Protein chains: 2
Amino acid sequence: MDNNHQDYYFCIDHYRNKMRGRPATYDNDAVVLKAQEVFWEKGYSATSLQDLQNATQMGSGSLYNTFRGGKKELFSKALQQRREAFQAFKKELKQSASPMDLIRDFFSSVALADEHTHLKGCIVANTATALAFIDNDLEAEAVNILKDVEKMFTDTIREAQRTGAVTNPADAAVLGRYLITCWNGLNVTRRMHPHKEKLKALIEMQLSILR
Amino acid sequence: MDNNHQDYYFCIDHYRNKMRGRPATYDNDAVVLKAQEVFWEKGYSATSLQDLQNATQMGSGSLYNTFRGGKKELFSKALQQRREAFQAFKKELKQSASPMDLIRDFFSSVALADEHTHLKGCIVANTATALAFIDNDLEAEAVNILKDVEKMFTDTIREAQRTGAVTNPADAAVLGRYLITCWNGLNVTRRMHPHKEKLKALIEMQLSILR
DNA sequence: ATATTTTTGTAATGATCATTACATAATTAA
DNA sequence: TTAATTATGTAATGATCATTACAAAAATAT
């Protein structure tokens, strides 16, 4: 019998090739996405397994069979889903003709979100904020993602300084750290002022430092 | 009998004037301070009443007799303690000959903290971040404190623009909002980089916008 | 003295927590 | 057809959760 297809698909359940056993009824990625939504609003500590069962419509049996690490594994997978969303943006950035403009647009678009989105903030920054003395592993995962975003900022700025799209001559590493700090700050301030005009002016002020 | 002294002291237990009943063994403010330390590290949701009993050395009987609102009242009192610390700074600012320099020094001093302090961040910003979908009252208290700080920034900047200590002619309200956003951002980024030199350069970059 | 009031410590309380056990269902392999 | 395997749903499990009940302690008031 030919089992090689399993290797191509890395055993992702949805594409599994005639494995033995009852087929899964739940789509794994969709379940993690539902979990992500709950975690994003309530945070890791305040989210119960009952919350996750309600959101995913999965029973504890299936949940623990699929995510043997329980709540922690689910949260980690949710974080990785956000990392992938970031990596998609980074890919878009690489193909862009004017990457610095794309980053500016990204910041500007934050102001346009609705109130609920403002109140949610950024799940990665939320995690870095909340879990330092609760769970080192998850906190480190969040910090790593933020550092990756910072690196993307730094690399983009360094190149933009070369082309003249950024005229501020300061160390690109400092400017990159400045931008990730703008992002981190924005995700608290937008809860104080979930108000388009106020946020628009704020973000313009933040970005004015670059040129 | 003369009971008027009670009124002068607003019934603060420590100064109580011959009230009937067993005298309290615990200092109320010290208990709230201990609670504040736990809440600051673990956050509201992840802090158990057992944690609070351990930290304060109080039994649940005394705890609930003193803080009849339980965990929530204790957290609220802890937040108010931070608000008082802020008000003390604001008072100092009012008496200062160069208020803008005092604010600059405040930001600069953040870089000098030790790693543990960096990882704790700001309990007020932490609360605004974590409790939006958990407890509206406590989240609003935190947001109000942040707005007070923002107002202090704005007022100080407006006056500094008049005296020339700030040369950036932008709307003081936007610059004030920019500064509270710097603070909010710093309190996430310092967890990513609990490193004096990196934070020092970052803060200088943040403040460079003012002049 | 005795009644009144307040604080304290301990022992419930019932709810909810994350996790596990297990029988059943649904599929493929032999 | 039957054995093997995997997923599912339900029902425990024991721990921990926030909170309350209550009796004893320690003070003042009468």
Side-chain angles (χ1 to χ4, degrees), chain A residues 1-3 5-6 9 11-32 35 38-39 42-77 134-135 138, chain B residues 1-3 5-6 9 11-28 30-32 35 38-39 42-77 131 134-135 138:
Chain A
M1 194 211 63
D2 180 10
N3 246 345
H5 292 300
Q6 277 192 18
Y9 297 118
C11 285
I12 292 172
D13 185 60
H14 192 258
Y15 294 114
R16 75 180 192 173
N17 200 14
K18 303 290 178 188
M19 286 170 61
R20 201 146 48 165
R22 180 175 176 171
T25 62
Y26 302 106
D27 176 11
N28 219 303
D29 286 348
V31 164
V32 173
V38 182
F39 281 133
K42 308 187 65 161
Y44 182 69
S45 298
T47 298
S48 69
L49 248 96
Q50 192 58 57
D51 291 332
L52 295 168
Q53 290 178 47
N54 294 343
T56 62
Q57 298 284 45
M58 255 178 144
S60 58
S62 291
L63 252 173
Y64 275 92
N65 185 58
T66 312
F67 309 99
R68 280 184 294 170
K71 186 179 168 179
K72 181 167 175 172
E73 183 182 340
L74 250 176
F75 190 88
S76 176
K77 292 252 161 68
I134 304 296
D135 191 299
L138 295 175
Chain B
M1 194 212 65
D2 180 12
N3 246 345
H5 292 300
Q6 277 192 20
Y9 297 120
C11 285
I12 291 172
D13 186 60
H14 191 259
Y15 294 114
R16 77 179 189 175
N17 199 16
K18 301 289 178 189
M19 288 170 59
R20 200 146 51 166
R22 180 174 175 171
T25 61
Y26 302 106
D27 175 10
N28 219 302
V31 163
V32 174
V38 182
F39 280 133
K42 308 187 68 161
Y44 182 69
S45 298
T47 298
S48 68
L49 248 96
Q50 192 58 57
D51 291 332
L52 295 169
Q53 290 180 46
N54 294 344
T56 62
Q57 298 283 44
M58 256 178 145
S60 60
S62 291
L63 251 173
Y64 274 90
N65 185 58
T66 312
F67 308 98
R68 280 183 294 168
K71 187 178 165 178
K72 182 168 175 173
E73 183 181 341
L74 250 176
F75 191 87
S76 176
K77 291 252 162 67
L131 295 194
I134 304 298
D135 191 300
L138 295 175

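Because the structure is a prediction, the values reported are computed rather than measured. A, B, ... follow the sequence lines: proteins, then strands. Residue 1 opens every chain.
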Whole angstrom value for the distance that separates C1' of D:dG9 from CG of A:Asn54: 15 Å

Could you go through B:Phe39 and B:Asp51, starting from their C-alpha distance and side-chain angles, then the distance that decides it, and tell me whether this counts as side-chain contact (heavy atoms from CB on, under 4.5 Å)? CA-CA 9 Å; B:Phe39 280 133; B:Asp51 291 332; over 6 Å; no

Look up atom OH in A:Tyr64 and atom CG in A:Leu49, then write down how far apart they are to the nearest 0.5 Å. 4.0 Å

From A:Asp135 CG over to A:Ser45 OG, what is the distance, rounded to the nearest 0.5 angstrom? 9.0 Å

Send over the distance from A:Leu49 CG to C:dT16 P, rounded to a whole Å. 15 Å

Should B:Thr25 be listed as having a side-chain N or O under 4.0 Å from OP1 or OP2 of C:dT8? yes

OP1 or OP2 of D:dG9 sitting under 4.0 Å from any side-chain N/O of A:Tyr26? yes

Proximity to the side chain of B:Met58 - top-ranked nucleotide from C:dA18, C:dT8, D:dA26: C:dT8

For B:Gly70 and A:Gln53, find the nucleotide of DNA chain D closest to each by heavy atoms; which residue's nucleotide sits nearer the 5' end? A:Gln53

Interatomic distance where CD belongs to B:Gln57 and P belongs to C:dT8 [whole Å]: 13 Å

Rounded to the nearest angstrom, tell me the gap between atom OH in B:Tyr44 and atom P in D:dC17. 14 Å

Of the options D:dA7, D:dA4, D:dT28, whose atoms approach the side-chain atoms of A:Arg20 most closely? D:dA4

Distance-only side-chain donor-acceptor flag, A:Ser62 / A:Asn65, under 3.5 Å: no

May I ask you to say what B:Thr47 touches in the nucleic acid, namely base, sugar-phosphate or nothing, with a heavy-atom cut-off under 4.0 Å? sugar-phosphate

Phosphate-side-chain proximity, A:Tyr64 and C:dT19, N/O vs OP1/OP2 below 4.0 Å: yes

What's the CG-P distance between A:Leu52 and C:dA18, to the nearest Å? 8 Å

From CD1 of A:Ile134 across to P of C:dA18 the rounded distance in Å is 14 Å

Whole angstrom value for the distance that separates P of D:dA18 from CG of B:Asp135: 14 Å

A:Asn65 atom CG is separated from C:dA21 atom C1', nearest whole Å, by 13 Å

Below 4.0 angstrom from OP1 or OP2 of C:dT16, is there any side-chain N or O of A:Ser48? no

Counting heavy atoms from C-beta on, name the nucleotide in D:dT19, D:dA24, D:dA7 closest to the side chain of B:Arg22. D:dA24

Polar side-chain contact B:Ser60-D:dA21 base: donor and acceptor under 3.5 Å: no

CG/A:Leu63 to CG/A:Leu52 distance, rounded to the nearest 0.5 angstrom? 7.0 Å

